[in-house]
Peer 1: 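One structure is given below, represented as structure tokens, and several questions about it will come after.
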Amino acid sequence: MRVLVTGSSGQIGTNLALRLLDAGEEVLGLDRRPNPWTGRFRTVRLDLLEPLERIEEALADEGWDVLVHLAAHAKVHELVVHPERSLENVRTTFAAAELARRRGTPLVFGSSREAYGDVGEGLTAEDRPVVALSPYSASKIAGEALVRSYANCYGVPTLTFRFSNVYGRYDNDLERLERVTPLFIRELAAGREVTIYGRDKVLDFTYVDDCVAAVHAGIEALARGRLRDETINVATGQGSSLVDLAEYVADALGVEARYRVEPSRPGEITRYVADIGKARRLLGYEPTTFLREGVRKAVRWSGTQADPAALRRP
Ligand SMILES: NC(=O)c1ccc[n+]([C@@H]2O[C@H](COP(=O)([O-])OP(=O)(O)OC[C@H]3O[C@@H](n4cnc5c(N)ncnc54)[C@H](O)[C@@H]3O)[C@@H](O)[C@H]2O)c1
């Protein structure tokens, strides 16, 4: 099977592409920047904000059986500061949906738990109406709506995944994109204090291998016609606070968990624990790495050593 992955130089894209290659699939990446982590697959350097004719021209000699659309501005807070980028997210999703329609291929869309708004536990059934909390959230809701409309009007087979706080590998390019787990690893290792926005915030952190295992299962089911036009949560079904995260990172590094607490920032959800029953049922998905263990793996992968001055005294 040939899989085109947009956003293939990013965290989930890189992990997914490598997993597909290891499974013997052909992968073509598409991203507007080169892949900083690996040269194992080819990347078409292209901006999905270009006019469609230009995108089609650049891909004229390329073929694929499934298109996985992950390209986006992927950070909630960044889009609170730059709301115009939420429109760019919608435009990239439109470009991906059009490509799928014109080539007659199925489409997988990387959405987010942000599509739920701030709903709390037990209210995460996939079909519930949604409220946008932030421009990022709005861009994912609009993307999901577009994708579903392409299924309805043009018969494009689609799958939408709602991811949640994916961490673990190919995610510590902090100068490009600040993510909480690699940020805590870097700062606590150096003996610096981290800021926790929202003491009581509870989130569902997903180890990246679990995330891409679900997407891989979805790609296969979609390509074989076993599944279509579903929206599926991918996470662990377990909630952790940012204080838990700081403690686990500190334990893995052997340092003190030094943090101060500030209120949640605008646009941030305060509680999300996914219902993963649908992923289990439709994809045979079962998360295998929970936060404490996942953080140990993430620290090992990053190769970060604690500053000797920051180490805990015995
Ligand atoms: N990582 C998470 O925790 C998480 C959670 C929920 C949803 N998501 C969604 O999953 C997808 C992948 O996330 P990620 O963490 O790998 O993000 P990422 O930022 O690491 O990767 C996104 C990639 O898309 C590329 N890109 C952005 N705009 C583009 C454009 N116009 N044309 C071409 N390439 C473009 C970027 O260069 C980047 O390499 C995103 O859609 C994100 O919103 C991620």
Side-chain angles (χ1 to χ4, degrees), residues 4-19 28-38 43-52 54-55 58-59 67-79 82 84-96 99 107-116 134-144 147 160-183 203-212 214-215 231-236 245 268-269 272 274 294 298:
L4 174 64
V5 180
T6 78
S8 58
S9 299
Q11 179 207 17
I12 299 175
T14 301
N15 281 284
L16 176 68
L18 295 179
R19 181 186 168 102
L28 177 64
L30 185 160
D31 205 295
R32 61 181 171 196
R33 64 194 184 103
N35 192 299
W37 316 102
T38 178
T43 303
V44 176
R45 289 278 301 284
L46 188 62
D47 192 324
L48 287 171
L49 297 172
E50 297 261 0
L52 267 172
R54 161 89 193 91
I55 294 172
L59 295 172
L67 196 170
V68 182
H69 176 53
L70 300 173
H73 299 293
K75 194 81 181 88
V76 174
H77 189 65
E78 178 196 331
L79 269 60
H82 299 285
E84 72 283 0
R85 294 184 190 167
S86 62
L87 288 176
E88 296 185 358
N89 276 357
V90 180
R91 283 175 55 205
T92 64
T93 304
F94 168 70
L99 273 178
L107 173 68
V108 175
F109 176 47
S111 186
S112 167
R113 57 123 197 267
E114 300 295 325
Y116 287 120
S134 68
Y136 175 81
S137 167
S139 78
K140 289 303 184 187
I141 293 167
E144 288 198 13
V147 165
T160 292
F161 286 103
R162 290 178 172 171
F163 303 134
S164 174
N165 280 96
V166 184
Y167 70 98
R169 198 188 301 114
Y170 308 132
D171 64 348
N172 63 355
D173 48 349
L174 288 167
E175 57 298 333
R176 179 184 71 92
L177 191 68
E178 211 169 79
R179 305 181 202 251
V180 66
T181 306
L183 181 70
L203 301 171
D204 197 329
F205 290 87
T206 315
Y207 189 66
V208 70
D209 286 350
D210 285 329
C211 169
V212 298
V215 178
T231 301
I232 302 175
N233 293 336
V234 176
T236 66
L245 177 68
E268 291 180 338
I269 66 162
Y272 176 77

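Read the numbers this way: they start at 1 and go in the same order the structure lists the ligands and their atoms. Along the sequence shown, the residues carry numbers beginning at 1.
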Peer 1: Does ligand 1 have any atom sitting under 4.0 Å from a heavy atom of E114?
Peer 2: no

Peer 1: Which class fits the ring pair Y167 and F205: parallel under 30°, tilted 30 to 60°, perpendicular over 60°?
Peer 2: perpendicular

Peer 1: Among the heavy atoms of T206, does any lie under 4.0 Å from an atom of ligand 1?
Peer 2: no

Peer 1: Check this for me - ligand 1, S164, N or O atoms closer than 3.5 angstrom, yes or no?
Peer 2: no

Peer 1: Tell me which protein heavy atom sits closest to atom 10 (O) of ligand 1, plus the residue, atom name and distance to 0.1 Å.
Peer 2: F163 CD1, 3.5 Å

Peer 1: Test your reading of the structure: does G10 have an N or O sitting under 3.5 Å from an N or O of ligand 1?
Peer 2: yes

Peer 1: Heavy-atom distance under 4.5 Å between the side chains of T231 and E144, does that happen here?
Peer 2: yes

Peer 1: Nearest to atom 36 (C) of ligand 1 by heavy atom, N89, D31, T93, N35: which?
Peer 2: D31

Peer 1: Considering non-hydrogen atoms of the protein only, which is the closest contact for atom 43 (O) of ligand 1, and what is the distance?
Peer 2: Y136 OH, 2.6 Å

Peer 1: Has the side chain of N15 got a donor or acceptor atom that lies under 3.5 Å from a matching backbone atom of R169?
Peer 2: yes

Peer 1: Between N35 and S8 (side chain of the first, backbone of the second, donor and acceptor by atom type, cut-off under 3.5 Å), is there such a pair?
Peer 2: yes

Peer 1: Does ligand 1 come near enough to H73 that some N or O of the ligand is less than 3.5 Å from an N or O of the residue?
Peer 2: no

Peer 1: Determine whether a donor-acceptor pair (N or O, by modelled atom type, separation under 3.5 Å) exists between the side chain of N89 and the backbone of S139.
Peer 2: no

Peer 1: Quick one: does Y167 get a heavy atom under 4.0 Å from ligand 1?
Peer 2: no

Peer 1: Which of the atoms of ligand 1 are close to T92, meaning less than 4.0 Å from one of its heavy atoms?
Peer 2: 30 (C), 31 (N)

Peer 1: Which heavy atom of R162 sits nearest a heavy atom of S112, and at what distance?
Peer 2: CG-O, 3.6 Å

Peer 1: Which option out of A96, C211, P34, A72 puts a heavy atom nearest to atom 22 (C) of ligand 1?
Peer 2: A72

Peer 1: Could you work out, for atom 7 (C) of ligand 1, the closest of A74, S111, S8 by heavy-atom distance?
Peer 2: S111

Peer 1: Using the rule given for side-chain contact (heavy atoms from CB on, under 4.5 Å), can you reason through F163 versus L70, listing the C-alpha separation, both sets of side-chain angles and the distance that settles it, and then say yes or no?
Peer 2: CA-CA 11 Å; F163 303 134; L70 300 173; 4.0 Å; yes

Peer 1: Give yes or no for whether the N/O distance cutoff of 3.5 Å, strictly under, is met between L177 and ligand 1.
Peer 2: no

Peer 1: What protein heavy atom is closest to atom 40 (C) of ligand 1, reported as residue, atom name and distance in Å?
Peer 2: L70 O, 3.1 Å

Peer 1: Taking K75 for its side chain and L177 for its backbone only, find out whether a donor-acceptor pair lies under 3.5 Å.
Peer 2: no

Peer 1: Tell me the protein heavy atom at minimum distance from atom 32 (N) of ligand 1, and give that distance in Å.
Peer 2: L48 N, 2.9 Å

Peer 1: Could you check atom 16 (O) of ligand 1 against the protein and tell me its nearest heavy-atom contact, residue, atom and distance included?
Peer 2: I12 N, 2.8 Å

Peer 1: To which protein heavy atom is atom 3 (O) of ligand 1 closest, and what is the distance rounded to 0.1 Å?
Peer 2: V166 N, 2.7 Å

Peer 1: List the closest protein heavy-atom neighbour of atom 34 (N) of ligand 1: residue, atom name, distance to the nearest 0.1 Å.
Peer 2: R32 N, 3.3 Å

Peer 1: Under the 3.5 angstrom rule, does the side chain of S9 hit a backbone N or O of R33 as a donor-acceptor pair?
Peer 2: yes

Peer 1: For the backbone of S164 and the side chain of T206, can you confirm whether one donor and one acceptor N or O come within less than 3.5 Å of each other?
Peer 2: yes

Peer 1: Residue-level breakdown please: for R176 versus ligand 1, do any non-hydrogen atoms fall below 4.0 Å on the side chain, on the backbone, on both, or on neither?
Peer 2: side chain

Peer 1: Are side-chain heavy atoms of L59 and L46 found at a separation under 4.5 Å?
Peer 2: yes

Peer 1: Please state which part of N165 comes within less than 4.0 Å of ligand 1, counting heavy atoms only: side chain, backbone, both or neither.
Peer 2: backbone

Peer 1: Quick one: nearest non-hydrogen protein atom to atom 33 (C) of ligand 1, plus distance?
Peer 2: L46 O, 3.3 Å

Peer 1: Can you check whether V166's main-chain N or O pairs, donor with acceptor, with Q11's side chain at less than 3.5 Å?
Peer 2: yes

Peer 1: Please could you name the atoms of ligand 1 that R33 approaches to less than 4.0 Å, counting only its heavy atoms?
Peer 2: 36 (C), 37 (O), 38 (C), 39 (O)

Peer 1: I need the N165 CG to C211 SG distance, nearest 0.5 Å.
Peer 2: 11.5 Å

Peer 1: Are any non-hydrogen side-chain atoms of R32 and L48 less than 4.5 angstrom apart?
Peer 2: no

Peer 1: Go through ligand 1 atom by atom and flag the ones less than 4.0 Å from a non-hydrogen atom of D47.
Peer 2: 30 (C), 31 (N), 32 (N)

Peer 1: Judged on heavy-atom distance to atom 41 (O) of ligand 1, which of R179, K140, H69 sits nearest?
Peer 2: K140

